[in-house]
Amino acid sequence: MLDSKILRSDLDMVVEKLKTKNFNFDVDAFNQLEERRKSLQVSTENLQSQRNSRSRAIGEAKAKGDDIQPLLDEVASLGDQLKNAEGELGALQDQLDSLLFGIPNLPDASVPQGNSEEDNTQVLTWGEKPVFDFEPKDHIDLGQAIGGIDFERAAKLSGARFVTMTGPLVTLHRALIQFMLNQHTLQHGYTETYVPYLVNESSLFGTGQLPKFKEELFHIESENHDLYLIPTAEVPVTNFVAASIVEAKQLPLKFVAHTPCFRSEAGSYGKDTRGMIRQHQFEKVELVQVVKPRESMNALEELTGHAETILQLLGLAYRKVILCGGDLGFASTKTYDLEVWLPGQNAYREISSCSNMTDFQARRMKARWRNPETGKPELVHTLNGSGLAVGRTLLAIMENYQRADGSIEIPDVLLPYMHGMTEIRG
RNA sequence: GGAGAGAUGGCUGAGUGGUCGAAAGCGCUCCCCUGCUAAGGGAGUAUACGUUAAUAGCGUAUCGAGGGUUCGAAUCCCUCUCUCUCCGCCA
């Protein structure tokens, strides 16, 4: 959510910046609503003021033992007028709110113009793409050869976009999670957290998934419950600081959480239908930071670096891009995507997305810190990034570490977690 | 699942219809005193919105959330959420 003050004071700048995010702001509609809101608010507050002073007078008169009936007659019509005015103002405020809630965060000046993935700018590439003296398979064929990855079985249980895995590949999957968590807690200074996988509407509003992106969520509604499956650990973890004031000396807060993520993938029919790239359910190790506003851009570099370290330690070639305005997420002011090289697809594919949300989520969540310089509570900045998406990391390892006979070598850093296994074969 | 208690400012906690944005204490800030430290004295100390050149004044809202009663609600009524205690059940 943007600061409604800058909408009023610097609307042109806001509209201009939103254009780079391909968001067309209806200036006329906003101005009209604003005008009406202003006059209605003033007149409503006048009525409230009258009511308050009259009521006080009645109280005083009563205390003195005077006859209050004439005073009561005077205020007889005030109640109805007030009720009308308050109702009208409330309805108008709701309209303005729903407008405001739907406006994305403003992009940083360093964000390139553009409409789609193609316009993202590459910052760097790391590592050597593996060279094979045979035709590399994709993870689906590899999984089939080794056994243990079964999409049809999952379809029987749940439907499309699910998978069951059995055997050593699942051990590798678990090893990845352990490795990532250990790296982030022991080397990068994050605090490990355990969180609910079902969250309420207000949490999702706080991080920006609601009200605008409801169709992308799994909604659990029953007689006694109204909850959503988390699409990412960002939601529960970032909301740790919702409706609170954090002491300056506690910042930055750095949390890491391993959770499943659930996404309905509505609107992505026909996209990545094969394999494990795009699933309704996947595991992710998520990094979240809560920082002082001044430090958030540095924190984004740091956090992205932490995700990159995982790729580097796993020896996976990747490239780092800055998302262009059109590809940038709703709540983000700047996002780095890390794209891992997949030999089976002969392409780089997203494996991590690291974003600085500045005060956008903090304002929705009312997450603040006490600034010692002013003594006042001010909004914090929040950041998050995948460190990494585990399912995609698993298939990246399968495809990058495959051998001619279809077996898969285990990267060195994972060996301590594989209880003796050095390779996986069918 | 059954029975009961509760939710007030950064924190603890008073307040059961009127001048209450809210006593008191703690914490914090500033000042005074005191030859260190400690102790003591005084003043200040919520947030949002509107108006405004203004972080000055003034106005409005906010005592878990939403509704209601009333001229007037932290206080009374209803619904919901959450917390705690006891009993039962249970991974």
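Throughout, a chain's letter reflects where its sequence line sits, starting with A, and its residues are numbered from 1. Only this structure's heavy atoms are used, side chains among them; waters, hydrogens and symmetry mates stay out.
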Pairwise salt bridge (Lys or Arg N to Asp or Glu O under 4.0 Å) hits with a residue in [range], at least two apart:
{"range": "residues 414-426 of chain A", "answer": "Arg403(A)-Glu423(A), Asp405(A)-Arg425(A), Glu423(A)-Arg425(A)"}
{"range": "residues 249-267 of chain A", "answer": "Lys254(A)-Glu302(A), Glu265(A)-Arg278(A)"}
{"range": "residues 92-104 of chain A", "answer": "none"}

To the nearest Å, how far apart are [X] [atom1] and [N] [atom2]?
{"X": "Leu100(A)", "N": "rA48(B)", "atom1": "CG", "atom2": "P", "result": "16 Å"}
{"X": "Glu201(A)", "N": "rG66(B)", "atom1": "CD", "atom2": "P", "result": "14 Å"}
{"X": "Gln48(A)", "N": "rC49(B)", "atom1": "CD", "atom2": "P", "result": "17 Å"}

Strand contacts (RNA chain B) in residues 35-47 of chain A, 4.0 angstrom heavy-atom criterion: Arg37(A), Lys38(A), Gln41(A), Val42(A), Glu45(A)
Sequence neighbours left out, what pairs pass ring-ring contact (aromatic ring centres under 6.0 Å, His included) with at least one residue falling in [range]?
{"range": "residues 24-72 of chain A", "answer": "Phe25(A)-Phe30(A)"}
{"range": "residues 358-396 of chain A", "answer": "Phe330(A)-Phe360(A)"}
{"range": "residues 143-178 of chain A", "answer": "Phe162(A)-His280(A)"}

Report the residues that fulfil side-chain contact (heavy atoms from CB on, under 4.5 Å) with Leu313(A), sequence neighbours left out, ordered by chain and then residue number. Phe179(A), Gln183(A), Thr309(A), Val413(A)
side-chain contact (heavy atoms from CB on, under 4.5 Å) partners of Ser53(A), counting only residues at least two apart: none
Quote, to the nearest angstrom, the P distance that separates rA61(B) from rG25(B). 29 Å
Can I get a per-line list of side-chain donor-acceptor pairs under 3.5 Å for residues 239-246 of chain A, giving both atom names and the distance, sequence neighbours left out?
residue   : atom : partner   : partner atom : Å
Asn239(A) : ND2  : Ser203(A) : O            : 2.9
Asn239(A) : ND2  : Val235(A) : O            : 2.8
Ser244(A) : OG   : Val241(A) : O            : 2.7

Based on Watson-Crick and G-U pairs with both distances under 3.5 Å, what dot-bracket line describes RNA chain B 5' to 3', crossing pairs as [ ] and inter-strand pairs as |? ((((((((.[[[..)..(.....]]]((((((.......))))))((((((.....)))))).[[[[[..)....]]]]])))))))....
Taking only Lys NZ, Arg NE, NH1 and NH2, and the carboxylate oxygens of Asp or Glu, determine whether Asp10(A) and Lys5(A) approach each other closer than 4.0 Å. no
Please check if the number of heavy atoms outside Arg36(A) that lie under 6.0 Å from its CZ is greater than 12.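 Not more than 12 within 6.0 Å, no.
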Could you check which of rG59(B), rG50(B), rU19(B) has an atom nearest any side-chain atom of Glu60(A)? rU19(B)
Identify the pairs formed between an N or O of the protein and an N or O of nucleotides 68-72 of chain B at a distance under 3.5 Å, and give each distance.
residue : atom : partner  : partner atom : Å
rC71(B) : O2'  : Ser55(A) : OG           : 3.2
rG72(B) : O4'  : Ser55(A) : OG           : 3.0

Reading RNA chain B from 5' onward, which residue's closest nucleotide shows up sooner: Arg370(A) or Pro377(A)?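 On the 5' side of the pair lies Arg370(A).
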Using a heavy-atom cut-off of under 4.0 Å over every strand shown, decide if Lys366(A) touches base, sugar-phosphate, or nothing.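 Nothing, no nucleic acid heavy atom in range.
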